[in-house]
Colleague: 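The following block contains the structure, expressed as structure tokens.
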Amino acid sequence: MGAYTDKIREIAGRLLKDCQVEMVIGFRKGSMPMMNEPCFVTRADAVDQLVWDGSCGINLANYLTGRTEARIGVVAKGCDSRNIVTHIIENKIKREQLTIIGVPCTGMIDKRRLKNLAPGEVLAVEEDGERVVVRGDGFETVHQRREVLQANCAVCHHRNPVIHDELVGDPVSEQTEVDRYADVRAIEGLSAKEKWDYFEALLAPCLRCYACRNACPLCYCPTCFVDEAMPQWVGKSQNPVDVRTFHFLRAYHCAGRCTDCGSCERACPVGINMRLFTKKLEKDAYEMWGWEAGLSLEQRPPLDTYRPEDPEPFIK
Amino acid sequence: MGVEPGRVHFSWISSAESTKFVEVVKQVTEAVRQLGPNENFVKKELKVA
Ligand code: SF4
Ligand code: SF4
């Protein structure tokens with residue numbers, strides 16, 4: 001991980017010094033452990049704040065929407081790179097504007113899981129290859145990295161950036177043996193009533209703070225449907241019907257676009273796994289059209305393409 | 001999400017296909033009637049502890 005940090009600083013420094021980019025978007029340490037924050041570096045002498053470790057889970061494609069700088073460097077792990085591709089396809093940024101610093105990723109650490117496993121407040125987290133060392137007041141515990149990965153990273157198939165101009169390390173091996181959709185299938189097997197109750201319980205703690213929407217690179221509409229007042233698409237209350245309407249409509253807006261980057265889930269202050277909605281759609285897009293979002297700049301997404309062989313047994 | 005199968009229907013009907021339209025409307029009404037009213041999307045009073 002330290003090697004990645006050094007390499008990111010070196011590349012960022014070079015790009016800025018040679019005026020190849022006006023700024024580099026990457027991560028710096030946050031004020032709390034496991035809370036790295038996005039940062040915008042504009043001077044070569046400031047690249048030392050850039051870091052890379054298992055707490056860089058926020059999706060940096062989110063910060064590219066509509067940017068007007070002519071040249072931007074951006075640090076991108078596998079999922080970020082796929083969302084960058086999606087951004088380019090959706091005309092939110094131009095490929096020529098970007099210098100993509102690709103990071104072959106070995107997964108992000110699930111901060112909630114680590115906190116829950118710790119006997120007290122977590123004050124520091126250090127990563128050393130496969131080992132994750134957690135320290136707090138009077139305790140030190142060691143975890144295996146693969147046991148404390150974010151749920152989406154544990155089943156990720158695209159850890160290596162799909163698009164990049166620089167690479168900070170050798171590509172990592174992809175996880176081909178994982179079962180990506182076990183959780184979605186379990187829910188698909190429930191009856192309608194059970195599904196309803198399951199999601200009722202899942203969404204019960206939601207505050208409608210919209211952190212999930214704000215963290216998602218796909219949610220870039222100037223006025224989100226939840227904020228609109230004329231017409232008002234969805235009630236603004238905490239009523240479970242309104243909360244659910246917000247969640248499933250947001251999920252539908254991500255259909256065929258979501259990369260399962262996990263930014264939304266990571267951002268939620270109350271730990272709701274709203275990815276279950278987007279993941280179902282991601283699974284459907286894969287099974288119906290063989291589509292995985294953000295893999296190619298050439299191919300148009302399924303929802304803006306017509307193919308005579310599209311499945312449509314639901315239309316009578 | 002927990003919406004019963006049979007509550008939502010999709011159909012392509014051209015503006016010239018009035019007979020098909022009537023048939024589909026009848027089928028949809030019948031199917032939805034059998035399911036009964038949709039209570040799920042009715043806003044109930046929130047429980048206050
Ligand atoms: S919906 Fe969540 S997982 Fe999907 S792209 Fe947006 S932030 Fe990432
Ligand atoms: S981040 Fe969590 S609490 Fe906030 S709106 Fe999304 S699901 Fe609800």
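Each chain gets a letter, A, B and so on, in the order the sequences are listed, and its residues count up from 1.
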Colleague: Does atom OH of A/Tyr286 have more than 12 heavy-atom neighbours, drawn from other residues, nucleotides or ligands, at distances under 6.0 Å?
Modeller: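 No - once you tally the heavy atoms of other residues, nucleotides and ligands closer than 6.0 Å, there are 12 at most.
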
Colleague: Starting at CH2 of B/Trp12, measure out to CD of A/Glu312 and round the result to the nearest 0.5 Å.
Modeller: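 With rounding to 0.5 Å, CH2 (B/Trp12) is 8.5 Å from CD (A/Glu312).
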
Colleague: Under 4.5 Å, counting heavy-atom pairs only, tell me which of A/Asp197, A/Asp242, A/Leu276 racks up the most with chain B.
Modeller: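 The residue among A/Asp197, A/Asp242, A/Leu276 with the greatest pair count is A/Asp242.
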
Colleague: Are more than 12 heavy atoms from other residues, nucleotides or ligands located less than 6.0 Å from atom CD of A/Glu177?
Modeller: no

Colleague: Where on A/Thr245 is there a heavy atom nearer than 4.5 Å to chain B: the side chain, the backbone, both, or neither?
Modeller: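 Contact with chain B involves the side chain of A/Thr245 alone.
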
Colleague: Pick one of side chain, backbone, both or neither for B/Val42, based on which atoms fall under 4.5 Å of a heavy atom in chain A.
Modeller: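 The answer is the backbone of B/Val42.
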
Colleague: What part of A/Phe277 gets within 4.5 angstrom of chain B, counting heavy atoms only: side chain, backbone, both, or neither?
Modeller: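 The side chain, not the backbone.
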
Colleague: How long is the gap from NZ on B/Lys20 to NZ on A/Lys316, to the nearest 0.5 Å?
Modeller: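 These two atoms lie 10.5 Å from each other.
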
Colleague: Calculate, to the nearest 0.5 Å, the distance between atoms CE and OH belonging to B/Met1 and A/Tyr252 respectively.
Modeller: 7.0 Å

Colleague: Contact part of A/Phe199 toward chain B, heavy-atom cut-off under 4.5 Å: side chain, backbone, both or neither?
Modeller: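 Just the side chain, heavy atoms under 4.5 Å.
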
Colleague: Got a sec: does the CE of A/Met32 have more than 12 other heavy atoms crowding it under 6.0 Å?
Modeller: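 Count not over threshold, so no.
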
Colleague: Please find the pair of heavy atoms, one from A/Val241 and one from B/Asn40, that lie closest to each other, and give the distance.
Modeller: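 In terms of heavy atoms, the two residues are closest at CG2-O, 3.7 Å.
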
